[in-house]
Structure formats: structure tokens, C-alpha cells
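Please read the structure below before turning to the comments.
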Amino acid sequence: MKRASLDPRRWPLAFKAPALVAAFMLIVSIVMTNAVLSRLRETQERQLAAMSMIYLNGLASALIPHVLREDIWEIFDTIERGANLEGGFGRASVVVVDSKGETLAASDPRKAPVLSQQSDRDRHFEGDAVLTVDSDKARAFARKPLIYQERRIGEIYADYDIRHLLRERGEVLRTLIATNTGIALLLAAFGYWIIRRMLGPLATLSRHLDLSVSGPVQPIPQDQITASTREFRRLFVRFNAMADAVNEREAIAKELANEERLASLGRLASGMAHEINNPLGGLFNAIDTLKRHGDKPSVRSTSLNLIERGLKGIRDVVRSTLTAYRADRGPSRLAAADLDDIRLLVGPELVRHALSLDWRNMLEGELPTDASALRQVVLNLLLNAIQASPDGGQLIFLATVDAENLLLEVHDEGPGFNAETEAVLTGESQKPAPVGEGSGLGLWVTRRLLQDLRGRAIVGVSHLGGALVQVRVPLAPVEELRDVA
């Protein structure tokens, strides 16, 4: 048994309830056994006392005349004739003493010689008691004073075997123990069966909750709802309502994530058009020059170089845009070039706001994390920093690897995050995605992406005076993400 299982608070209810019933039955059986044995002992002692008094009264009536005459032989003969008791007690040991405590006669003269003192026999009795029982020796001791004309002329002491009474007590005790143990085990087994039946709906609910960890929340089938009790039926109905709401919310979240991704790229569309239009203008000029002066080698070489550089610039812009936009790609390993593409994408926005970006990409080789999700995280954080920073300000982006984690930092000179927005980004708030322009949908999507990557974001104050967002993502093989924006 594991150490944790020794704590009763962690035992399953299906075990605790029957164990509690068995413990309760054990306590009840102990109390009942004591009560029955006490009552049996009292009954036996009352019967024993009644039998002893009848026996001693009859013996005393026969002995008084002989004791008055101190006729030892008659006393001994009377004792011998009355030494055998009825009722399974066997032969009694009888001693008759005079008023001085000296033995007149005994059923066993060797143990109680004539004229020997027998005062020590009174140690078996308390006060005026006429009967006492010694269970250890399995003997009962009785005494009867011999009274003649209100004068005490002697005493009769008798002791006899009571082993059959003790055997009866033992048999009763064993019967009670066997009966109570059987009843306790039977009730515990029945209780375990009942509790297992009662907890069956909870097992169904737990199973569906476990299934929701690896996919959409699975509603409970209608036939199981119908077969359950009224209380669990209401619980199952509410669980299915919750499952429908959660699944609907997940679907909406996916749509919002995709729309946010498209919105992020849409804000960059004008800048991308500018980045493409500039080299296109140069290309047309170079082509026009070739048409008019293509026969000159120097002009032809210069024009072709200009066309090549322009086409390479257009190729880089298109490649970066496609890399960030393609949503049908599976998760790939992250390389430094994947983040450098984001630098090219946000370039027009930086120019439009007259911002400078200190780009520090320290990554080397390929890292085992989802490149598509990380690009979206960096893009959202940089766009948020650009929007928050004043024109003419400065931004810093830093990407490094620390032990088994990827570390990203984005610094700006803006006013920082308010408490609600910071809670959305760091995951302290589980509020639904905000809707509306400037409401922080990009940060909400960033938080969801980081949760899928098992990463987290920390908001602080940058040395530039604005906000600092630190992202830490563990480097481990990443499974395909269901909610990647």
C-alpha cells in the first residue's frame, strides 16, 4: 500500500463507507457482547446463590443437632451424604467449624484436619456476603452460619466446581463474536455494493471529464441519463449543457484566433504593398532603360543587377508573408530565420510610426518548439508594442535560450499595461476573448498560444520606461496544436 493511501482522507468513498459501517457494527457488537455476558453472569450468579442457599440451608438443618452435641462422626456422616450437588457442580468441598473457628469435620480431612483453624476461609468473602465466585480458579465459595436459638454455634463453608458455567459463558462469547463478525462483514459487503452502485454515475461523469482533457467535451448519452436517478439525471443534464457551451466557446475561440491572425496581417497589408511597390518601380525603370540603351554593356549590367536586387526583395517579402500566413502547415522546429521574417513584416509599421527596433536574435540551429505558434506570439507582441509606443520611440526584441527554455523579451516606451489587460496576457484572468477594436484580442490569442506551448508570459517594467513582456517557453517536442491561430 502506498504511503498516501494510509491517510483515511484519501481513501475512496466506496471503501470508506463500508469500513465505517463495519467499524460501527464492531463497536455495537462489543457493547452488545459485554451487555449479554454481564447479564448472563448476573443470571448465573443469582441461580448459583439460590442453589447454594438451598443446599446450605438443608445441610444446616441436618447438622445443628450434631454440632450442639459436638458429635464429629455424625457431622462427618451428614457431610458425606450431602457432598454431591446436582446440576453439574460435582462434589462439593464442605468444612464445618464451631463458634471458635475450629474444624469439627470436613469432606476432605487431609486438607482440613479436626480442630484446625479455618478463619482464613473468610478471605474469600467481603463483609456479610454468603457467596463469591473465583473465575480464575473456576470455583464458587459459599458459607452459612449455624444459628440455634439466636446463638451462633458454628459455620458451614462450601466450595464447588463451576467450570461448566464458565464454559457456557465462553460458548456464548464465541457465538456472539462469530455472529457479529459475520453480520459486520455481510453489511460491509452489502454497503460496498450499494455505494458502488450509487457512485456509478459519478464514474460516468469522471470518465467524460477525462475525455475532455484530450479533445472536445463529450456529452453523456441520453440512455445513461434516463437510467440514472433523479439527482444524477439533473447533474448529467447540466453537464451536457456545460459541454455544449464549452465546445461552442472553443469553436468561437478558434474563429476569433483565425480572424485575429488575418487582422494582424491586414494591418500590415499597406506596408507590404509599399515594400513591393518600391522595387517594382525600380524594375520598370530598369526595363525601360534596357529597351532604350540595352545595347550598351555597362547599362545592361547595371540594369540587370537592379532587376535582380528588386526581385530578391520582392521574393523575401512574399516569402515572409506566406510563412506567417499559411495556416495549413503542421508544427515545425523553430529557427532564427523564422523570427527574422517577423522583423521584415513589422518593418513598414516601424517606418510609419518612426520607431527604431533593436533586434537581438541570439538563436542558433533549430529548436524543438512550434515555429508557427511562436511567430504569431512574437508578431502580436511587437504589433502591440508598436501601437503603444509614441512616435519616434524605441523598441527592443531579444531572443535567447536558457537551459531548456526559449526566452523572448519585448521592450517598449509606451504607458504599460493596465491591470485587466495584464491579467489576460499572463493567464491570471480566464475571461472570454474581448471583442472590439483595441480591446486586446491579440493578447488573448497570445495567451492561448502560450498555454498550448506550455509557456507563460510575465509583465514588468522595461529600462526604456515602458512595458516589458518576458515569454518563457519550455523546449520540448510539441504535438500538433488544435487552437493555433
Side-chain angles (χ1 to χ4, degrees), residues 257 261 264-265 268 272 275 309 311-350 356-386 394-412 425-427 442-443 445-460 462-464 468-485:
R261 188 172 193 176
S264 299
L265 293 174
L268 300 174
M272 293 298 100
E275 291 292 324
R309 289 196 304 271
L311 289 176
K312 286 182 178 179
I314 294 174
R315 181 197 63 189
D316 292 340
V317 171
V318 172
R319 184 184 63 186
S320 299
T321 304
L322 289 176
T323 299
Y325 172 72
R326 288 183 61 184
D328 57 341
R329 296 179 60 186
S332 59
R333 299 169 72 88
L334 179 69
D338 295 318
L339 297 183
D340 290 336
D341 290 337
I342 303 300
R343 180 184 184 183
L344 183 60
L345 286 174
V346 299
E349 286 291 305
L350 294 171
S356 63
L357 174 60
D358 183 2
W359 187 266
R360 306 174 188 176
N361 188 354
M362 309 292 187
L363 302 185
E364 297 180 0
E366 293 187 344
L367 303 178
T369 188
D370 187 10
S372 177
L374 258 299
R375 282 196 300 269
Q376 183 65 37
V377 169
V378 174
L379 179 61
N380 287 350
L381 293 178
L382 286 175
L383 289 177
N384 182 77
I386 291 172
Q394 181 184 6
L395 302 177
I396 297 177
F397 173 78
L398 174 63
T400 61
V401 176
D402 176 18
E404 297 181 354
N405 297 285
L406 170 64
L407 302 179
L408 304 175
E409 291 187 2
V410 176
H411 300 251
D412 63 47
L425 178 60
T426 58
L443 297 181
V445 172
T446 300
R447 185 197 73 191
R448 287 185 57 86
L449 292 172
L450 289 176
Q451 288 175 343
D452 291 334
L453 294 169
R454 296 181 294 112
R456 60 190 180 95
I458 301 175
V459 176
S462 171
H463 63 274
L464 299 178
L468 164 63
V469 179
Q470 295 178 320
V471 173
R472 180 182 294 269
V473 177
L475 295 177
V478 179
E479 298 178 357
E480 184 174 353
L481 302 177
R482 302 189 307 273
D483 300 326
V484 172

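Keep in mind that the numbers below use all heavy atoms, side chains included, and drop hydrogens, waters and symmetry copies. Note that the numbering runs from 1 along the sequence shown for the chain.
For R360, the salt bridge (Lys or Arg N to Asp or Glu O under 4.0 Å) partners at least two apart in sequence or on another chain are D358. Looking at residues two or more places apart in sequence or on another chain, you find no side chain to side chain contact (heavy atoms under 4.5 Å, CB included) involving A337. Legend: residues meeting side chain to side chain contact (heavy atoms under 4.5 Å, CB included) with N361, ordered by chain and number and at least two apart, are A336, L339, D340, W359, L363, A399. Evaluation of the side chain to side chain contact (heavy atoms under 4.5 Å, CB included) rule for E366 yields R333, A335 as partners, not counting sequence neighbours. By the side chain to side chain donor-acceptor pair (under 3.5 Å) test, Q470 is found to be paired with E409, residues two or more places apart in sequence or in another chain being considered. Scored by the side chain to side chain contact (heavy atoms under 4.5 Å, CB included) test, T400 finds M362, L398, L407 as partners (sequence neighbours excluded).
For the atom pair CG (L408) and CG (L374), the distance works out to 6.0 Å, reported to the nearest 0.5 Å. Here Q451 contributes atom CD and T446 contributes atom OG1; the two are 11.0 Å apart, rounded to the nearest 0.5 Å. The distance from the CD1 atom of I396 to the OG atom of S462 is 5.5 Å, given to the nearest 0.5 Å. Here the CG-CG distance, from L357 to L382, works out to 6.5 Å after rounding to the nearest 0.5 Å. To the nearest 0.5 Å, atoms CG (N405) and CZ (R454) are separated by 9.5 Å. From L425, atom CG reaches atom CG of L450 across 7.5 Å, with rounding to the nearest 0.5 Å.
No side-chain heavy atom of V473 sits under 4.5 Å from any side-chain heavy atom of V377. No side-chain heavy atom of L468 sits less than 4.5 Å from a side-chain heavy atom of V410.
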Apply the test side chain to side chain contact (heavy atoms under 4.5 Å, CB included) to residues D370 and L334: give CA-CA distance (whole Å), side-chain angles for both, the deciding distance (0.1 Å), then the verdict.
-> CA-CA 6 Å; D370 187 10; L334 179 69; over 6 Å; no
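Residues L464 and H411 share a closest heavy-atom pair of CD1-CB, 3.8 Å.
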